[in-house]
Amino acid sequence: MSITGVLLAAVIVGGTGLFIGVFLGVAGKKFAVETDEREEAVLEALPGNNCGGCGYAGCSGLAAAIVKGEAPVNQCPVGGAPVAEKIAAIMGEEAGETVRMTAFVKCAGTCDKAGQAYEYSGVKDCVMADMMQNKGPKGCTFGCLGFGSCVAACPFDAIHIEEGIAVVDKEACKSCGNCVAACPRHLIELVPYEQKHLVQCSSREKGKDVMSVCQVGCIGCRMCEKVCEFGAVTVENNLAHIDPDKCTGCGKCAEKCPKKIIL
């Protein structure tokens with residue numbers, strides 16, 4: 001190839017590259033999406049765990065929603081009140097009251113207190129076990145299976161399997177709700193961190209049937225309901241429930257419970 005051909009090819013390639021560069025530069029400015037500076041500031045204030053506990057696709061999604069007014073400044077359960085105050089300052093709003101929440105496992109049927117229907121040798125996963133015969137090897141079809149699907153789902157190492165059931169570390173829990181979604185038996189719920197009395201059972205079977213498979217299950221005797229002076233305890237479908245808004249923490253329900261299932 002002659003020197004002229006080489007130079008011509010270089011000019012063509014160079015000119016094409018220059019044209020593409022200029023075109024992309026102009027297009028980038030013309031079609032650029034303007035972002036609110038507050039969005040970046042809010043994103044920096046968020047913890048960055050991207051756990052999804054806020055209901056949005058990561059911290060960036062929540063930051064955008066807050067700036068657009070689609071989410072409150074205290075929407076992040078992981079950051080809690082400190083982060084809410086920072087974001088409120090950025091948005092020029094009041095943070096409002098933030099109630100700290102924590103996950104709670106509604107089962108106390110440990111290995112020595114809950115019976116087994118059969119020996120299970122399948123995949124150590126609660127979702128899989130729950131699809132087996134009798135909804136898993138545990139005698140109580142409402143109880144914790146103890147295979148740790150919730151443990152695997154927790155990004156904060158706040159829940160562990162102890163003596164066959166899931167136990168939450170309240171101090172480590174950030175109330176992201178991942179464990180709640182992971183439990184196939186819906187045994188885990190988010191409750192106020194300060195709530196003193198909770199029913200550690202989820203069985204809706206009648207008392208006789210409960211006692212045949214678990215030593216500590218709620219038998220729906222209504223003793224707790226009768227002794228509560230504030231109407232905070234109700235028994236529905238053979239299971240006691242405590243309303244945190246009405247509970248004064250007097251402890252009479254826990255004292256009266258014959259199965260000692262109220263913490």
Side-chain angles (χ1 to χ4, degrees), residues 101-154 157-170 172-173 175-191 195-225 233-244 253-254 256-263:
M101 306 292 282
T102 186
F104 173 70
V105 182
K106 299 178 288 183
C107 180
T110 54
C111 297
D112 61 329
K113 293 182 174 65
Q116 296 288 312
Y118 56 87
E119 189 68 29
Y120 176 75
S121 58
V123 178
K124 302 302 180 183
D125 176 78
C126 297
V127 176
M128 291 296 293
D130 192 56
M131 293 189 290
M132 298 297 105
Q133 180 183 354
N134 196 46
K135 298 194 69 178
K138 201 157 194 170
C140 175
T141 57
F142 295 92
C144 177
L145 289 161
F147 293 126
S149 292
C150 54
V151 176
C154 179
D157 192 33
I159 188 167
H160 306 91
I161 302 300
E162 298 179 9
E163 299 183 50
I165 62 171
V167 177
V168 176
D169 180 348
K170 289 179 62 175
C173 179
S175 66
C176 68
N178 286 0
C179 59
V180 177
C183 180
R185 292 192 169 183
H186 310 293
L187 290 176
I188 308 174
E189 65 179 359
L190 297 179
V191 300
Q195 187 172 347
K196 295 181 179 180
H197 295 89
L198 297 156
V199 181
Q200 202 173 6
C201 182
S202 61
S203 176
R204 294 184 290 277
E205 297 286 0
K206 293 182 179 180
K208 182 180 179 180
D209 296 325
V210 172
M211 290 189 290
S212 68
V213 293
C214 184
Q215 299 175 24
V216 292
C218 176
I219 57 176
C221 65
R222 297 184 181 275
M223 295 297 291
C224 53
E225 184 180 65
V233 186
T234 54
V235 177
E236 296 180 5
N237 296 322
N238 305 309
L239 181 64
H241 174 75
I242 300 175
D243 185 340
C253 57
K256 200 67 175 178
C257 177
K259 306 303 288 186
K260 303 303 177 187
I261 198 61
I262 301 178
L263 296 180

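- Side-chain N or O atoms of Lys206 include none that pairs as donor or acceptor with a backbone N or O of Asn238 at under 3.5 Å.
- Panel note: side chain Ser203, backbone Phe142; no donor-acceptor pair is recorded below 3.5 Å.
- With Ser202 contributing its side chain and Leu187 its backbone, the two residues share no donor-acceptor pair below 3.5 Å.
- Across all their heavy atoms, Ile262 and His197 have their closest contact at CG2-CB, 4.2 Å.
- In terms of heavy-atom proximity, Cys150 sits nearest to Ala182 at CA-CB, 4.2 Å.
- Nearest heavy-atom pair across Gly143 and Lys138 is C-CD, 4.2 Å.
- Of the possible donor and acceptor atoms, one in the side chain of Tyr118 sits under 3.5 Å from a partner among the backbone N and O of Gln133.
- Counting only distance, with no hydrogens or angles, the side chain of Lys259 and the backbone of Gln215 share a donor-acceptor pair below 3.5 Å.
- The shortest side-chain heavy-atom distance between Gln200 and Val105 does not fall under the 4.5 Å cut-off.
- The environment of CE in Met101 is crowded: more than 12 heavy-atom neighbours from other residues, nucleotides or ligands sit within 6.0 Å.
- In this structure, CD1 on Ile219 lies 12.0 Å from CG on Asp209, to the nearest 0.5 angstrom.
- Interatomic distance, CG of Leu239 versus CD of Glu236, reported as 9.0 Å (0.5 Å rounding).
- Smallest separation of non-hydrogen atoms from Val235 and Cys224: CG2-SG, 4.3 Å.
- Residues Cys107 and Cys144 approach most closely at SG-N, 3.3 Å, considering heavy atoms.
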